[in-house]
J.: 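Input: one structure, supplied below.
Remember, it's 1-based here, ligands and their atoms both numbered in the order they're listed.
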Amino acid sequence: MQEYDLVLRISPQEIEQQVERIAARINQDSAGQNLFVIGILKGSWMFCADLIRHLQMPVEIDFVRLASYGMETATCGEIRITKDIETPIGGRDVLVVEDIVDSGTTLAWYVDYLRKFQPASVRICALIDKYERRSVEVPLDYVCFRTEKGFLVGYGLDYAERHRNLPGIYEVQFSQ
Ligand code: IMP
Ligand code: MG
């Protein structure tokens, strides 16, 4: 594997602030609902865990795991579900929680798939909107951080399964 350094981009304190800000908006928008939160594994589990602790309406949580036949650092082509949610979502108010949206391929595919089960509503919450390579339009209702580009790890995000446990978010800088 190519050598690399990690450079801190977002501190744990900044993450905490943004998570609280986004949770407050969700609390406003979804007051009175029974929210069905779907976390996309593995990347979003830490974000989900923090986010739902600030939600004030009744919340159910489930997880889906999606696999794409992509390269190490980019999604391309076919997506499939390798672990599905275990509760029917027909008529439910759904909040999909994703770690980072890059090309948009993964999330757009999944939201399209979910709509076939006729949920009452589907909203999307992303920890990071990485917009430079967006090739598929996907409406992000809640975003904690926006960045143009760069490969990020930590707070759930990985590079080849490494660094998910870091409390802050770091950019991977490859040595020349
Ligand atoms: P997309 O389908 O191109 O939007 O890719 C989204 C998925 O690729 C995310 O759910 C991540 O799993 C992964 N991904 C994209 N960018 C990064 C990154 O900077 N760090 C870690 N994972 C990433
Ligand atoms: Mg992901």
J.: When you check the side-chain N and O atoms of Asp29 and Tyr142, is any donor under 3.5 Å from an acceptor?
T.: yes
J.: Hey, could you give me each pair passing salt bridge (charged side-chain N to carboxylate O under 4.0 Å, His left out) that has a residue in residues 140-158? Not counting sequence neighbours.
T.: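 Of all non-adjacent pairs touching residues 140-158, those that pass salt bridge (charged side-chain N to carboxylate O under 4.0 Å, His left out) are Asp129-Arg146, Asp158-Arg164.
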J.: Are any of the heavy atoms in Asp158 under 4.0 Å away from ligand 1?
T.: yes
J.: What closest approach, in Å, do Ala108 and Glu137 show between heavy atoms, and which atom pair accounts for it?
T.: CB-O, 4.3 Å
J.: So, do Ile26 and Gln33 sit near enough that their side-chain heavy atoms are less than 4.5 Å apart?
T.: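 No; the side chains remain at least 4.5 Å from each other.
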J.: At a 4.0 Å cut-off, with the gap strictly under it, does some heavy atom of Gly43 reach an atom of ligand 1?
T.: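 The answer is no: ligand 1 sits nowhere under 4.0 Å from a heavy atom of Gly43.
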J.: Evaluate Gly104 for polar contact with ligand 1, using N/O atom pairs at a separation under 3.5 Å.
T.: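 There is such a contact, yes.
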J.: What are the atoms of ligand 1, with element, lying closer than 4.0 Å to any heavy atom of Gly150?
T.: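 Going through ligand 1 atom by atom, the ones under 4.0 Å from Gly150 are 19 (O).
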J.: Show which atoms of ligand 1 fall inside a sub-4.0 Å distance from at least one heavy-atom site of Thr105.
T.: 2 (O), 4 (O)
J.: Heavy-atom distance to atom 18 (C) of ligand 1: which of Tyr110, Phe151, Tyr159 wins?
T.: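 Nearest option to atom 18 (C) of ligand 1, by heavy atoms: Phe151.
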J.: If a pair satisfies ring pair (Phe, Tyr, Trp, His ring centres under 6.0 Å) and one of its residues is in residues 93-126, list it, with sequence neighbours excluded.
T.: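 Sorted result for residues 93-126: Trp109-Tyr113, Tyr113-Phe117.
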J.: For Leu152 and ligand 1, answer yes if some heavy atom of the residue is under 4.0 Å from a ligand atom, otherwise no.
T.: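 Leu152: in contact with ligand 1 (<4.0 Å).
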J.: Go through the steps to decide whether Glu98 and Leu127 satisfy the test side-chain contact (heavy atoms from CB on, under 4.5 Å), and finish with yes or no.
T.: CA-CA 7 Å; Glu98 172 64 308; Leu127 177 67; over 6 Å; no
J.: Kindly confirm or rule out an N or O of Leu157 lying under 3.5 angstrom from an N or O of ligand 1.
T.: no
J.: Below 4.5 Å, heavy atoms only, C-beta onward: do Leu41 and Val64 meet side chain to side chain?
T.: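 Not touching, per the 4.5 Å side-chain cut-off.
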J.: Could you tell me whether Glu98 approaches ligand 1 through its side chain, its backbone, both or neither, with non-hydrogen atoms closer than 4.0 Å?
T.: side chain
J.: So if I count the atoms of ligand 1 from 1 in the order they appear, which ones are less than 4.0 Å from some heavy atom of Thr106?
T.: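 Contacts of ligand 1 toward Thr106, numbered from 1: 1 (P), 2 (O), 5 (O), 6 (C).
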J.: Using a 4.0 Å heavy-atom cut-off, which part of Ile100 comes near ligand 1: side chain, backbone, both, or neither?
T.: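 Both the backbone and the side chain of Ile100 come within reach of ligand 1.
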J.: So Tyr159 and Phe151, would you call those rings parallel, tilted or perpendicular, with 30° and 60° as cut-offs?
T.: perpendicular
